[in-house]
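Lettering of chains follows the sequences in order, A, B, ..., and the numbering in each one begins at 1. In what follows, every heavy atom counts, from backbone to side chain, and hydrogens, waters and symmetry copies are set aside.
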4 protein chains.
Amino acid sequence: MSARNRSAPRKRPRQERAKATVETILEAAAHVLVTSGYEGTTTKAVAERAGVSIGSLYQYFPSKEALVAMLLERFHQRALEVLADKLAPHPITDLEQEVRELVRALVEFYGVNPRLQRVLLEQAPRIGRLQVVQEIEARVESLVQIVLAQNLEFERPRNLGLVVFIIIRALRSAVWAVVVERPELIGTPEFVEELSALILGYLRPQGDRRKHSTPGVK
Amino acid sequence: MSARNRSAPRKRPRQERAKATVETILEAAAHVLVTSGYEGTTTKAVAERAGVSIGSLYQYFPSKEALVAMLLERFHQRALEVLADKLAPHPITDLEQEVRELVRALVEFYGVNPRLQRVLLEQAPRIGRLQVVQEIEARVESLVQIVLAQNLEFERPRNLGLVVFIIIRALRSAVWAVVVERPELIGTPEFVEELSALILGYLRPQGDRRKHSTPGVK
Amino acid sequence: MSARNRSAPRKRPRQERAKATVETILEAAAHVLVTSGYEGTTTKAVAERAGVSIGSLYQYFPSKEALVAMLLERFHQRALEVLADKLAPHPITDLEQEVRELVRALVEFYGVNPRLQRVLLEQAPRIGRLQVVQEIEARVESLVQIVLAQNLEFERPRNLGLVVFIIIRALRSAVWAVVVERPELIGTPEFVEELSALILGYLRPQGDRRKHSTPGVK
Amino acid sequence: MSARNRSAPRKRPRQERAKATVETILEAAAHVLVTSGYEGTTTKAVAERAGVSIGSLYQYFPSKEALVAMLLERFHQRALEVLADKLAPHPITDLEQEVRELVRALVEFYGVNPRLQRVLLEQAPRIGRLQVVQEIEARVESLVQIVLAQNLEFERPRNLGLVVFIIIRALRSAVWAVVVERPELIGTPEFVEELSALILGYLRPQGDRRKHSTPGVK
DNA sequence: AATGAATGAGCATTCATTCAT
DNA sequence: CATGAATGAATGCTCATTCAT
């Protein structure tokens, strides 16, 4: 097996039982990753939690990396589905409402098992398989960019790619930080409201700043 | 040595030579952490790069964790110094300019060795309660909060703590993401401009949104 | 695995092959302990002598300590079997003969690999409360005590527990000392005779001492 | 420095201060050996407890072994002094009383820091320097043997060397065992009484056994 | 002499991975 | 296919000892 394929799943499970095993293993892996971090995760622990032998684990995943890669891929696939729906090209009548919906979707999405997401995105070694992930991330950015391009106009020229890039990072990290450090705020309308304000304020024509006196200064 | 002290430095170097050794080790550790990640960092590699024996490393740092802890502490100490300066209470005449300055400071600060910062902060939660670090983070938030409280008034009631929390996370992760993924943008006025816009837009009286038509919709 | 379990074996071997491995490792451990002492014994040396990989050793014994603990346990188990037989409650017609038999049994028992026994018992106090071992030692003492209580009467009141305690220690250390320092005496009738005399003299009614003139003084 | 000299003290301290330092180090070593066992004793710990630098320790003792060797030597020297006194050739009028005195002396002697004695005699590696120790032990045995030879006559021929050998081992191990496992008994007359009974019974003419019915059988 | 910084061989232990059954 | 026994390179860390200051 070439090095290139280290993080590719070993084979397609044909039978139903095999599929179930794969699912069990992935769930176990997710759990162990969350509770022990990437470094603390051992294949033995995953196999034990999944209730299968270490041999069986290696039957479906040729390495620890492959396990993480599979989880990453699935996570992004799901991200894409959720967002593609919200971001499907459509006429926008109320951008404010639209952004609020998008934020709500993102909060919901990033709020699902954020600890796992952090382990996957931050601690896991940048694996070869990440190509898939990068492609998906690129597609999400591109979707958001298209929606914005079709619905916004700025008084000054702006690098829309950068704007989208910043929006996504800012939102994601804010959601993660809140979920991890201030979990009591999840689900409060206040939280979604503030994040929407962050994005909406950012998208509002920047020219405004010069038309009025500095806003909000006492 | 108790378990509590796993991440505390082992002893104070008394001679000049020893101080130099400690510095060399820390520099080497930073380098190895950046190039190999936390997991990939071995104490042997650090010692070798530092040009000292593995024994010398353990003379001053009782564990790999202690090495990271020391770097984390220094990083936060430096963070505090930089920001305390910018955030020292003072009369604010031009909030816009003020925020731009703050953003510039943060960009500069977070932009220094961001890969190291990420490794450090990723591991921070696993490292025995670094009181110093937590205190410093709290102080930074508190500084920002005080500045904002003295200079802003909002039309609707807002949870200022949450606002500050979001600002800091959003800024930090945006800076890191740009530095790591779009390094060519660092130092461009465009980048600082966009980040300032993000924060300024967020702080602008939210009531505006209702007074005008949705801004910028085609 | 908790600290409590440091000296407990790691898992039960399920396959025949595994059982054989465990036996091989224990034999190798005994050998290395005898030739190198506890401190000089390295897990690597044990594994090598056993002809297994170091990993296999740790598959069954979580630590060097556990290896010693297992040997200790087996040794005491065997001790109990040997002695329980000799000490089983039974009518005693000839105490002298009885004691001689017991001494012979003990000489035989303690004479088997006494160097290993010393290493094991020297380390015993450092090994996490080996309940099994302590229980067995207590049972041996209790057996001896019962036999004596049923067959002896003393003219003066004596602390039987202390008597038994002294007998066992005195016998054991005398046997060990002879085996280690005067191996040529093992198996001679003279040796068993002297040890029997030691015990018999001790058990003989102490009142005798006052009835006769001091015996044997020239 | 040749390998032969590893356990020889490095130099004779000329000055008073140096002598005091040596004493301090030896006391510290004794303490650490008792509390941590031979394996657990580190030269650093000894130096720290003695309040001297590790360098100073090595100024006087070229190795850890030399430290232990010195303690052993002193211990035996002291043993010899105590016993030589008791065992000095002299007319014996009351053997019983004599033995009781001897036992009392031995109990006292072996009862002084028995844990240290055990570490020194059991756990410490058999060092080259032990020649000295063996010579001293031989002298003690010889002293006891002479005393006994001059004061005892047996009805049957006995190997007096073996008798002495057994007496010394039995006493020593009984005392150690009691001090370590039943410390509450130390100093009780009962304890000395029982040990005296052990030795006296052993030395009593063995012919007695045949003259009377088995003693003490119910 | 005294200090303590520096050394590095050596040890216990882990864990991803392979392979015989 | 499943099992779990076996592997061994690699790691974190200790500690007796040396040596520069």
Side-chain angles (χ1 to χ4, degrees), chain A residues 6 11 13-15 17-18 21 39-48 52-67, chain B residues 11 13-22 39-47 51-65 67, chain C residues 11 13-22 39-47 51-65 67, chain D residues 6 11 13-15 17-18 21 39-48 52-67:
Chain A
R6 285 211 56 160
K11 62 179 161 188
R14 297 283 157 115
Q15 304 171 5
R17 188 160 59 114
T21 302
E39 198 187 0
T41 296
T42 68
T43 52
K44 189 160 169 280
V46 171
E48 259 166 22
V52 304
S53 70
I54 186 69
S56 292
L57 187 152
Y58 274 86
Q59 200 98 45
Y60 296 109
F61 301 94
S63 71
K64 185 177 165 183
E65 273 188 1
L67 215 42
Chain B
K11 71 174 177 187
R14 301 192 193 173
Q15 303 177 3
E16 273 313 309
R17 183 170 52 136
K19 275 184 194 166
T21 302
V22 166
E39 196 188 2
T41 295
T42 70
T43 52
K44 190 158 169 281
V46 172
V52 303
S53 72
I54 186 67
S56 290
L57 187 154
Y58 277 91
Q59 192 121 47
Y60 300 105
F61 303 95
S63 69
K64 187 175 158 182
E65 212 179 277
L67 223 36
Chain C
K11 70 173 178 188
R14 300 192 194 172
Q15 302 178 4
E16 273 311 311
R17 184 170 50 135
K19 275 184 193 164
T21 302
V22 166
E39 197 188 1
T41 296
T42 70
T43 52
K44 190 158 168 281
V46 172
V52 303
S53 72
I54 185 68
S56 289
L57 188 155
Y58 276 90
Q59 192 120 47
Y60 300 104
F61 303 94
S63 68
K64 186 175 159 181
E65 213 178 278
L67 222 37
Chain D
R6 285 210 56 161
K11 63 179 161 188
R14 297 285 157 113
Q15 303 172 6
R17 189 160 59 116
T21 303
E39 198 187 1
T41 295
T42 68
T43 51
K44 190 160 167 280
V46 172
E48 259 166 21
V52 304
S53 69
I54 186 69
S56 292
L57 188 153
Y58 274 87
Q59 199 99 43
Y60 295 109
F61 301 95
S63 70
K64 184 177 165 182
E65 274 187 2
L67 216 41

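Taking side-chain N and O atoms only, Tyr58(D) has a distance below 4.0 Å to OP1 or OP2 of dT17(F).
For the pair Leu67(B) CG and dT11(F) C1', the computed distance is 15 Å after rounding to whole Å. Regarding Glu39(B), its CD atom lies at a distance of 9 Å from the P atom of dA16(E), rounded to whole Å. One can place CG of Leu57(A) at 16 Å from C1' of dC19(E), the figure rounded to the nearest angstrom. Between the P atom of dT17(E) and the OH atom of Tyr60(A) lies a distance of 18 Å, rounded to the nearest Å. Atom CD in Gln59(D) sits roughly 12 Å away from atom P in dT18(F) (whole-Å rounding). Distance, Lys44(B) NZ to dT14(F) C1': 16 Å, rounded to whole Å. We find that CZ of Phe61(B) is positioned 13 Å from P of dC13(F), with the value rounded to whole Å. Distance NZ (Lys19(C)) to P (dT21(E)): 17 Å, rounded to an integer number of Å.
In DNA chain F, runs of at least 3 consecutive Watson-Crick or G-U pairs, each pair with both distances below 3.5 Å, span E:2-21 with F:2-21.
Comparing Gly51(C) and Val52(A) by the nucleotide of DNA chain F that holds the closest heavy atom to each, the one mapping nearer the 5' end is Val52(A). Summary of the strand contacts: Gly40(A) and Thr41(C) both lie near DNA chain E, and taking for each the nucleotide with the nearest heavy atom, the more 5' one is attributed to Thr41(C).
Between atom CG of residue Leu57(B) and atom CG of residue Leu67(B) there is a gap of 5.5 Å, rounded to the nearest 0.5 Å. Considering OH of Tyr58(D) and OG1 of Thr43(D), their distance stands at 4.0 Å, rounded to 0.5 Å.
With sequence neighbours excluded, no residue satisfies side chain to side chain donor-acceptor pair (under 3.5 Å) with Thr21(C). Every residue two or more places apart in sequence or in another chain that forms a side-chain contact (heavy atoms from CB on, under 4.5 Å) with Thr41(C) is listed here: Val32(C), Leu33(C), Ser36(C), Val46(C), Lys64(C). Residues passing the side-chain contact (heavy atoms from CB on, under 4.5 Å) test with Glu48(D) are Lys44(D), sequence neighbours excluded. Residues passing the side chain to side chain donor-acceptor pair (under 3.5 Å) test with Ser53(B), sequence neighbours excluded: Ser56(B).
Residue contacts for Thr21(A): at a heavy-atom cut-off of 4.0 Å it reaches no nucleic acid atom on any strand shown.
Closest to the side chain of Ala18(B), from the set dC13(F), dT17(E), dA6(E), is dA6(E). Across dA12(E), dT17(F), dA16(E), the shortest atom-to-atom separation from the side chain of Thr43(A) is found for dA16(E).
Heavy-atom minimum distance, Tyr60(B) versus Ala18(B): OH-CB, 3.2 Å.
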Can you give me the N/O atom pairs linking the protein to nucleotides 8-10 of chain F at distances under 3.5 Å, or say none if there are none?
residue: dG8(F); atom: N7; partner: Gly55(C); partner atom: N; Å: 3.2

